[in-house]
Amino acid sequence: MSNLFFTYIPGTSLIHRLDPRTKIISVMIASMIIFKLASFAEMALIGAVFLILSLVSSIPFKVSMAAVKPMIVFLVIIFLMQLFLTEGTALFSLSGFSATREGLHIGLLLTVKFVYLLLFASLLTATTAPSMLTAGIERMLRPLPLKKAGISSFDLATMMSLSIHFFPLLYEHLWHLKDAQMSRGLDPGRSPFKTVYSLSVPMMRTAFRSAEEVSFAMESRCYQGICRTSLFDPRMQRRDFAALSAFVVVMWVILFFA
Amino acid sequence: MPIDVKGVSFSYNTGTTLEKVALENINLSIGKGEFILIGGEIGSGKSTLIRHFNGLLKPSTGQVIVDGMPAHEKHVKTKVGILFQFPQNQLFAKTVYEDVAFGPSNFGIKGKQLDKRVIHALQLAGVREELYDRSPFTLSGGEMRLVAIAGVLAMQPDYLLLDEPLSGLDPENKNSLLLLLKTLHSQGISVVIVSHRIADMLFLADRVFLMQDGRVSFKGKPDDYIYSTSSPLPDITSLMKDLRQKGIDVRDDVFSIEDAFDEITRVQKERMVR
Ligand SMILES: Nc1ncnc2c1ncn2[C@@H]1O[C@H](COP(=O)(O)OP(=O)(O)O)[C@@H](O)[C@H]1O
Ligand SMILES: [Mg+2]
């Protein structure tokens, strides 16, 4: 059993100590750059940036891989769609569909892009405590005119921190469920359809039930969502501005010179 | 042939700062036909341990051998059935019948034989016949739990493991579950109950293991367990102790209500004779 999926791994590295906003903005920049890039050489550079960051943060590589693993099915689907549905020079064909050289290129590139997104996101969640992450996002949303849309940044922050706290819970539940069904002989490798069905039906039930329980619990404690204070008060410091500038420069260099 | 656990250690999240040693050098053996209790506080490693018995977890070091086979072989899952905590959460199929058939059909059992097994398991677990074609989600919590039990029984395991099976049950359901386990045990099935509160089940057990911080801190007979550890006494034993203190000359080494009843009637008869 592995529950490292987007988990926070406590530590004292420079990246751990950065303000959550610095890291959130960096991941946003990285995502934009990753989707702009179009060559494998540039991809390799981004990979190098990721490796350096993950060394600096001393997050073991298996933690980042844990974020990619459960998504492999989707990644394979994305790859195959590109491979077979792109027009171009045919490589080989399979029951009427032909794989193309262009499809292979685009498919690989797109798959790598998604993997990178997951890796960078996992670095963010691995080095930032969930409460800090929420506080950071809440601060970033404050200047937006959300009131007009009928919600406050506090509401959003609450929703976010609830989802962040629900995630490991649901994940743990999924593992217990998998244990139970596998004890009854379920073989995920051999019967994927049965696996999805026998896991998703009970998962849905649990998710809805837990959501209902939490909302009752919040209501009975008079949750109003008007002014939510945070135990953590993130502050941008000199090292944040330094780190952010350095990251922007590196990304800019990759974008324009690679 | 037994379940042999030899020098098993296990850690969660190895290689990260979240690394957690959950089991440390466990050695024990569970024989065919035994009734075993595994006790220990919450977090002592009980659930982690039994997940090794049918290969759901692989030991970091050491090995688990079930009837001569390594525990991670698929066939072992037909021998070792596990009923997990809150088993009602595992139900998924359209009908109660289909859900119970899930286990055996995963091992290629079909047709008449499957039907026989499913019906037998449902009857053993005490699921009422009119529920067989209902959706499991329309049942009450207690009925759902019975269906989940039937789902494990339908695999016809030689070893039946139950993780905290009594949690959340009312006294009446507790008793009927224990009675069912007693019946299964008398049919030759090994029963292993895992619980953080084993005192009131001691009268059923052949042997007791106590877990503490990932190690086995006690192995032995129920009587020795009571006298050599500082664990809480079964309710019925404390009652007998109280009676003794009040000057009624009953034995206080009884763990089951039946034995207590016999003992009290014996003392009562003696008094009448005098
Ligand atoms: N998936 C997991 N990841 C990390 N640690 C775990 C996991 N499951 C259990 N643990 C830890 O391992 C120890 C033993 O847990 P467990 O076997 O569930 O104990 P018990 O069943 O006796 O309550 C506990 O300290 C628990 O926190
Ligand atoms: Mg447990």
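All values derive from a computational prediction rather than experimental measurement. Naming: A, B, ... by sequence-line order, numbering from 1 per chain.
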Report task. Sort out for me which of A/Gly11, A/Pro10, A/Gly185 touches chain B most, counting heavy-atom pairs under 4.5 Å. Result -> A/Gly185
Query raised in the report: For the candidates A/Ser198, A/Ser200, A/Ala180, which exhibits the highest count of non-hydrogen atom pairs separated by less than 4.5 Å from chain B?
Result: A/Ser198
Query - chain A contact residues among residues 139-155 of chain B, heavy-atom distance under 4.5 Å - result: B/Met144, B/Gly151, B/Met155
Requested in this report: Would you please go through residues 67-87 of chain B and name the residues with a non-hydrogen atom below 4.5 Å from one of chain A, in numerical order?
Outcome: B/Lys74, B/Lys77, B/Ile82, B/Phe84
Shortest non-hydrogen contact from [X] toward [Y]:
{"X": "B/Asn89", "Y": "A/Arg209", "answer": "OD1-NH2, 3.4 Å"}
{"X": "B/Phe102", "Y": "A/Lys194", "answer": "CE1-CD, 3.8 Å"}
{"X": "B/Gly15", "Y": "A/Pro60", "answer": "O-CG, 3.3 Å"}

Query - Contact class of B/Asn54 relative to chain A, heavy atoms under 4.5 angstrom - result: side chain
Check the surroundings of atom [atom1] in [X]: do more than 12 heavy atoms from other residues, nucleotides or ligands lie under 6.0 Å from it?
{"X": "B/Arg215", "atom1": "CZ", "answer": "no"}
{"X": "A/Lys62", "atom1": "NZ", "answer": "yes"}
{"X": "A/Met204", "atom1": "CE", "answer": "no"}
{"X": "B/Gln187", "atom1": "CD", "answer": "yes"}
{"X": "A/Phe166", "atom1": "CZ", "answer": "yes"}
{"X": "B/Asn27", "atom1": "CG", "answer": "yes"}
{"X": "B/Phe137", "atom1": "CZ", "answer": "yes"}
{"X": "A/Met81", "atom1": "CE", "answer": "no"}

Report task. Tell me, out of B/Asn106, B/Leu91, B/Leu18, who's got the most heavy-atom pairs with chain A below 4.5 Å. Result -> B/Asn106
Report task. Give a yes or no answer on whether the side chain of A/Gln181 reaches the backbone of B/Gln90 with a donor-acceptor pair at less than 3.5 Å. Result -> yes
**Report entry** Segment of A/Tyr197 engaging chain B (4.5 angstrom heavy-atom cut-off)
**Finding:** both
Got a second to check how far [X]'s [atom1] is from [Y]'s [atom2], nearest 0.5 Å?
{"X": "A/Leu4", "Y": "B/Thr14", "atom1": "CG", "atom2": "OG1", "value": "8.5 Å"}
{"X": "B/Arg51", "Y": "A/Trp175", "atom1": "CZ", "atom2": "CH2", "value": "10.5 Å"}
{"X": "A/Ile59", "Y": "B/Thr16", "atom1": "CD1", "atom2": "OG1", "value": "8.5 Å"}

Query raised in the report: Going through the checks in order, is the side chain to side chain contact (heavy atoms under 4.5 Å, CB included) test met by B/Phe92 and A/Leu177?
Result: CA-CA 11 Å; B/Phe92 72 96; A/Leu177 199 57; over 6 Å; no
